[in-house]
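Input: a single structure, listed below in structure tokens.
Below, chains carry the letters A, B, ... as their sequence lines are ordered, and counting in each starts from 1.
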Amino acid sequence: MANSDVPTLEVRNLQTHFFTRAGVVKAVDDVSFSVRPGEVLGLVGESGSGKTVTGFSILGLVDEPGRVVGGEILYKGENIANASDERMRRLRGNNIAMIFQDPMMTLNPVLRVDTQMIEAIQAHENVSRNEAWERSRAALEQVGIPAAEERLKSYPHQFSGGMRQRVAIAIALLNKPDLIVADEPTTALDVTIQGQILYEVQKLCEETGTAMIWITHDLSVVAGLADEICVMYAGRVVEHGTVNDVLDNPAHPYTLGLINSVPSRNRRGEPLAQIPGMTPSLLNLPKGCPFKTRCPRVGPDCEIEPAITHPVTARDVRCHYPVTAGEAAAPTSEVTA
Amino acid sequence: MSAMMETGESKPAAADSKPILELRNVSKRFVKSLDAAAKIANLFGAGLKDEVVHAVDTVSMTVADGEVVGLVGESGCGKSTLGRVVAGVHPATSGDVLFRGRELSTQSSAEARDTALKVQMIFQDPMSSLNPRLRVEDIVGEAPRIHGLVDAKGLEDYVAEMLLRVGLDPTYAKRYPHQFSGGQRQRIGIARALAVNPEFLVCDESVAALDVSIQAQVLNLFMRLREEFNLTYLFISHDLGVVEHLSDRVVIMYLGRVVETARTEDIFSSPNHPYTQALLAEVPRLDTRKRKFVPVKGEIPSPLNPPPGCHFNPRCPHAHERCRVEQPTLREIAPGRWSACHLNDGA
């Protein structure tokens with residue numbers, strides 16, 4: 001891959017906190033990762049793990065009372081954390097694009113699709129209306145919308161859910177961004193439609209060298225799509241490595257728990273290994289390791305917050321007692337909530 | 001664990017035991033009648049017609065006692081409507097629904113009430129299916145009190161027992177639904193269903209809204225309850241991984257019709273219907289890495305205006321002339337395996 005020595009995006013020790021009346025919510029607390037051209041990074045976590053706020057921070061979309069309070073977001077070497085509104089406006093939708101879970105967050109319900117797409121192009125480039133229209137048509141065709149010329153004249157409500165998400169993706173692609181942040185874009189879609197979208201996205205990354213951050217709670221989608229995977233828990237990255245390494249030999253007990261919670265082929269009908277309890281409130285995290293109250297491997301060191309270590313090569317793990325390769329995972333019994 | 005597997009395996013196939021539930025050619029149509037303006041327009045020859053959606057189109061199936069049947073399909077295929085017909089929420093437009101051999105519509109009102117208690121439903125979104133202004137003790141305790149399953153004195157203990165069954169602390173009985181997490185709310189919904197001693201649970205996307213680790217907890221709960229109370233499930237889901245894990249038999253629906261039904265092992269190892277094949281190929285799995293996605297073309301057509309012949313023909317890679325005109329019938333292609341596809345008739 002060309003230019004693979006300069007990451008498209010590098011996030012270093014990012015901290016995004018929300019200053020609420022009830023206290024400071026550390027939604028993102030010391031998150032680091034990088035994506036290179038053509039690469040797909042899967043950002044995995046459950047609700048409240050901070051994965052969406054990480055995505056919003058990259059695009060400068062965090063609203064009051066939230067603020068990026070620490071760390072760097074390097075877009076091709078330029079720090080865009082707390083960049084000026086003007087600078088972000090020029091980057092957003094042009095160099096960095098976002099696809100949301102709900103396409104209606106991207107689409108304006110009272111404007112025709114062509115109006116919205118042409119506007120997105122002309123906001124960043126000085127081109128004629130005709131040329132912008134032509135590019136919009138090409139973008140719709142690229143994401144597999146039949147009769148693109150006709151569909152440009154439609155309003156968002158005239159599309160089905162899957163088609164609407166394609167339009168949102170087409171808008172994200174319009175200005176050929178170097179980086180796309182996709183926040184659960186297929187979660188609300190049917191399996192066959194999800195397959196179609198994943199197919200388009202995969203083709204795009206391969207053909208144009210666009211880097212992608214794919215935010216999801218679904219490990220199996222990431223398994224099929226991503227090169228690298230970051231597992232988040234309570235605002236922190238607890239494990240980071242290549243997809244094969246992390247899924248085959250998870251080192252963090254939370255990653256292992258997540259993998260074992262997914263129903264799998266060879267354990268049909270058996271009780272699923274489950275992580276007891278629930279995600280702690282970010283306002284009221286336990287001292288030390290935030291996972292310790294749910295962790296089967298908890299020990300005395302867990303009173304101190306673990307730092308990133310590398311128990312295996314090319315792997316970041318935030319745990320005092322990482323799982324070693326080959327260690328059998330004993331399914332935990334059902335515990336009352 | 002092994003005991004569970006054995007009981008799962010030793011369950012008789014649906015065909016050779018008396019079914020707890022039987023559907024015979026059940027259809028459910030929703031009709032949007034013409035409004036006054038349209039009727040007037042018709043007087044002047046506009047030729048407008050009622051809009052009819054065949055949400056469920058002549059479906060026949062059986063569920064054996066103690067069996068878990070997974071009902072799978074994409075949005076708009078009619079799986080939820082079918083679940084509601086089974087649970088008695090919607091009456092069927094035509095066809096017979098038999099519970100323990102008794103036709104629902106011919107039952108006396110007392111019998112019908114009894115059947116309604118035996119079949120309970122668990123919904124997808126626990127927040128919208130629990131009354132936010134009732135305490136948990138009232139949500140769970142109301143039905144058994146009204147139906148005389150428990151007297152006022154014993155109610156508190158009864159509710160406590162139900163909460164324990166689903167793994168909730170009985171001291172939570174005085175709380176309101178908003179004070180619980182999503183997984184706990186789903187447990188409250190399950191406790192409410194169990195409170196009237198049902199035999200049959202219709203679970204409509206009951207774990208779809210939950211996080212993975214919480215989903216595993218609720219699935220385990222379903223499996224434990226099945227063992228303890230000999231429950232029968234109709235488990236409706238779009239998540240094939242969950243269905244494969246839980247079900248003995250799988251029914252696949254497409255646009256209101258059943259296209260294939262078979263034992264879970266059979267359907268996942270050798271799907272027969274092209275739609276089932278496409279559906280299974282699209283399931284993301286943990287052990288398939290960096291795969292090439294090969295999408296099924298097209299979208300689900302509108303149920304208002306389904307294609308003629310086989311409903312799947314516009315998207316089917318094997319469609320030929322006959323598929324566009326003649327509707328394939330669901331027939332047995334191997335013992336316990338039913339499929340509705342013309343390809344099974346040989347070349």
Side-chain angles (χ1 to χ4, degrees), chain A residues 40 46-48 144 146 160-163 189-203 217-227 243-244 247-248 254 257-265 267-279 294 331 333-337, chain B residues 1-2 4-5 8-9 74-76 164 166-169 180-184 187 211-217 219-221 223-224 238-246 248 264-265 268 275 278-279 281-300 302 315:
Chain A
V40 182
E46 298 184 281
S47 10
S160 67
M163 281 293 170
L189 303 177
D190 282 314
V191 194
T192 56
I193 310 296
Q194 167 173 292
Q196 293 171 351
I197 302 269
L198 292 176
Y199 166 77
E200 305 294 349
V201 161
Q202 199 171 42
K203 205 172 68 178
H217 69 278
D218 192 338
L219 275 175
S220 24
V221 169
V222 168
L225 186 72
D227 303 284
V243 166
N244 284 339
L247 294 184
D248 292 337
Y254 177 64
L258 272 188
I259 292 171
N260 285 342
S261 307
V262 179
S264 99
R265 226 149 223 210
R267 297 204 315 268
R268 251 197 73 209
E270 293 178 34
L272 294 162
Q274 60 187 40
I275 305 174
M278 50 188 143
T279 327
R294 306 175 72 187
S333 57
E334 193 188 344
V335 184
T336 54
Chain B
M1 196 182 302
S2 58
M4 177 148 214
M5 283 303 283
E9 290 301 315
E74 298 182 280
S75 21
L164 277 177
V166 297
L168 282 174
D169 188 338
F180 293 89
S181 69
Q184 288 173 318
R187 287 171 194 263
D211 270 325
V212 194
S213 68
I214 309 298
Q215 175 177 310
Q217 295 176 359
L219 287 176
N220 283 347
L221 174 64
M223 288 191 280
R224 182 166 62 81
H238 69 281
D239 187 334
L240 284 153
V242 168
V243 167
E244 179 179 17
H245 188 79
L246 208 65
D248 301 317
T264 309
E265 308 85 275
F268 281 91
Y275 177 63
L279 204 59
E282 291 304 323
V283 184
R285 290 191 182 274
L286 271 186
D287 40 16
T288 38
R289 305 289 158 72
K290 261 301 185 193
R291 54 179 286 209
K292 266 257 113 6
F293 292 94
V294 190
V296 197
K297 57 182 182 179
E299 294 193 63
I300 306 177
S302 159
R315 303 175 75 189

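Note: A:E46 leads A:H217, A:E46, A:Q194 in heavy-atom pairs under 4.5 Å with chain B. In terms of heavy-atom pairs under 4.5 angstrom with chain B, the leader among A:V262, A:I259, A:N244, A:D218 is A:N244. Counting heavy-atom pairs under 4.5 Å between each of A:G195, A:G224, A:G257 and chain B puts A:G224 at the top. Interface summary for chain B: among A:G162, A:G161, A:S160, the most heavy-atom pairs under 4.5 angstrom belong to A:S160. Chosen from A:V201, A:L258, A:L225, A:V222, the residue pairing most often with chain B at heavy-atom distances under 4.5 Å is A:L225.
No side-chain heavy atom of A:Q274 sits under 4.5 Å from any side-chain heavy atom of B:L219. Side-chain contact between B:L221 and B:R224 is present, with at least one heavy-atom pair separated by less than 4.5 Å. Residues A:M163 and A:P146 meet the side-chain proximity criterion, which asks for heavy atoms closer than 4.5 Å.
B:Q217 contributes a side-chain N or O that, together with a main-chain N or O of A:G277, makes up a donor-acceptor pair within less than 3.5 Å. Remark: the backbone N or O of A:E270 is paired with a side-chain donor or acceptor of B:H245 at under 3.5 angstrom.
Heavy atoms closer than 4.5 Å to chain B are found nowhere in A:I197, neither backbone nor side chain. When heavy atoms are compared at a cutoff of 4.5 Å, A:Q202 approaches chain B solely by way of its side chain, counted from C-beta outward. Within the 4.5 angstrom heavy-atom criterion, no atom of A:E200 approaches chain B.
The line from OG of A:S220 to CG of B:D239 is 8.0 Å long, rounded to the nearest 0.5 Å.
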